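Here's the structure, in structure tokens; my notes come after.
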Amino acid sequence: MLLIRPLLGISFRTVVEVLESFLLKKKDIDLTKLKDSPESKAKEYLLDKIGREKYDLWFSQLDMSFEKDKLQVLVPNSFMEGMLRRNYLALLEEAGSSVSGSEVGISFVVNKQAQKNSERRIKPANASKPLKYPKARPVVVEDLPAGTGRYNLDDFIVGRKNKMAHRAAKACVSSGSELYNPLFFFGSYGLGKTHLLKAIVNETMRNNPSLKCKYISAEDFTNQFVNSTLRKDMNSFRKRFRGVDVLAIDDVHFLASKKGTQEEFLNTFNSIDHADKKIILASDSHPTMIEQFTESLVSRFVSGMVIKMEMPEFETRKKIVEIKASRMGLSISQDVVEYVAQNVSASVRELEGAVKKLSAQHLLLEKKITLSSAQYLISDMVSRVSSAPDAEGIIDTTASFFSVSSSQLRSKAKAKTVSLARSVAMHLLRENTDLSFPEIGGCFGGKNHSTVIQACRKVKKLIDANATVDWKHRGVKRSEKIGSVIKQVSDSLNIQQ
Ligand SMILES: Nc1ncnc2c1ncn2[C@@H]1O[C@H](COP(=O)(O)OP(=O)(O)OP(=O)(O)O)[C@@H](O)[C@H]1O
């Protein structure tokens, strides 16, 4: 076990699988009889989902109890807690919700007596006796909202590019500022959006335990909505979401093609907003760039603060590598830190992954990580991204911003919105690629180079005059400063301005 423990963060699933297959060979565990209590129903749910063998291994001997909106799980030790937390937390939440009919949080209670039993349990000599963990006084209680883990704002490493996001998250926790409501984070994968959402929920709860805070992914929101509709039980669904003080919804782009859920979400949003409660959202794109969002939803999303999450710059990436390495007990030289920070630049998640890889190697071989070993170990993670956006991406993204199709931009259509979108796309191509005017014309169905020159001049003039442009977005008139339009499209393309 001592050998396994240091590696848990690295290939935990493999460790679990090996451990499971090892323990499953032992026929030393009796089934707990399932009765009709909520706890038994939760266990039945688990049994149904993971099958008898795994159930016997992980859950049959555990005591559980429901308390208000929490399912308390009595575990023999923190190792078991870690295993369950990493591998079965979502399933436990599901089991709890399916029994109680509403969302429940999970709290783990480490029980000293159960610990002794657990030590005996894996010894073959005791195999014939089924053990049951007796009830005992809890010594550790986790009490955070469902699914938010241990994220907090102090663990979020701040640099020039994510300072704004961190500051907004702090303000959201500490004040009732209207400025930050709703607070909408958007950006590419692995840049810390979920971290901030969960941290806001956790810290708000810590500061004020009487507040009702909820973190949920848009996918779970949709599933709960669909289930409630099928069960004709919208009242409890609405009560669950509309009575909260802070609602954090992750991955809202998931709602894009789900009109029914969007409608319900809009109503949820309105009722929370009217009650002056807080809403925090995260998505992979700017709200105006998510296709198939209704106009009313988009206008609500942009009514507060919309903040782009970006990959931290080199100096902050270095800080992230240093801090994450030191938290894993890994000591690395400055040249290794710099190599990792310089070469893994796609997401913080990958940066974390690189440090974990180095840490795993260090633990396995008990050798210092040198620059050349780091180069070898993370060679598959080294970013191979070309930072220049391609022409097709620029045309598609601009078309989507204006809610027209890319083929309309390539056509001869002269409608006002199409023509404005085309000019903006031509301007962006000119500014961000090496394409000549005739080549840009070629990207738009063979337009003449003078048409491109005119379009670029027109946009430049509008920018210089800080002019407002207007267009029709899904039939509704919109107007915005040209600079803001260019910025939003550029942000979605990850173009630095
Ligand atoms: N600035 C930061 N400081 C410390 N850790 C960070 C930072 N940014 C991201 N992370 C860590 O990187 C990992 C990925 O972050 P997270 O899951 O929040 O990304 P995300 O933007 O929500 O990604 P996705 O869109 O794929 O869900 C997490 O472990 C998170 O704690």
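A quick note: this is a predicted structure, and the numbers were derived from the prediction, not measured. Basis for what follows: all heavy atoms, side chains included, without hydrogens, waters or symmetry-related copies. Just follow the structure's listing: the first ligand is 1, and inside any ligand the first atom is 1.
Within 4.0 Å of ligand 1, protein heavy atoms belong to Tyr151, Asp155, Phe156, Ile157, Asn162, Ser188, Tyr189, Gly190, Leu191, Gly192, Lys193, Thr194, His195, Lys324, Val348, Arg349, Glu352, listed by chain and number.
Residues meeting the side-chain contact (heavy atoms from CB on, under 4.5 Å) test with Asn227, sequence neighbours left out: Arg231.
The two residues Leu428 and Ser490 make their nearest non-hydrogen contact at CD2-OG, 3.7 Å.
Look at Lys170 and Glu203 and you find no salt bridge, because none of the NZ, NE, NH1 or NH2 atoms lies under 4.0 Å from a carboxylate O.
Under the 4.5 Å side-chain criterion, counting only non-hydrogen atoms from C-beta, Phe184 is in contact with Ser283.
In this model, no donor atom of one side chain and acceptor atom of the other lie less than 3.5 Å apart for Ser97 and Glu94.
The aromatic rings of Phe269 and Phe265 lie perpendicular to each other, with more than 60° between the two planes, well past the 30° mark.
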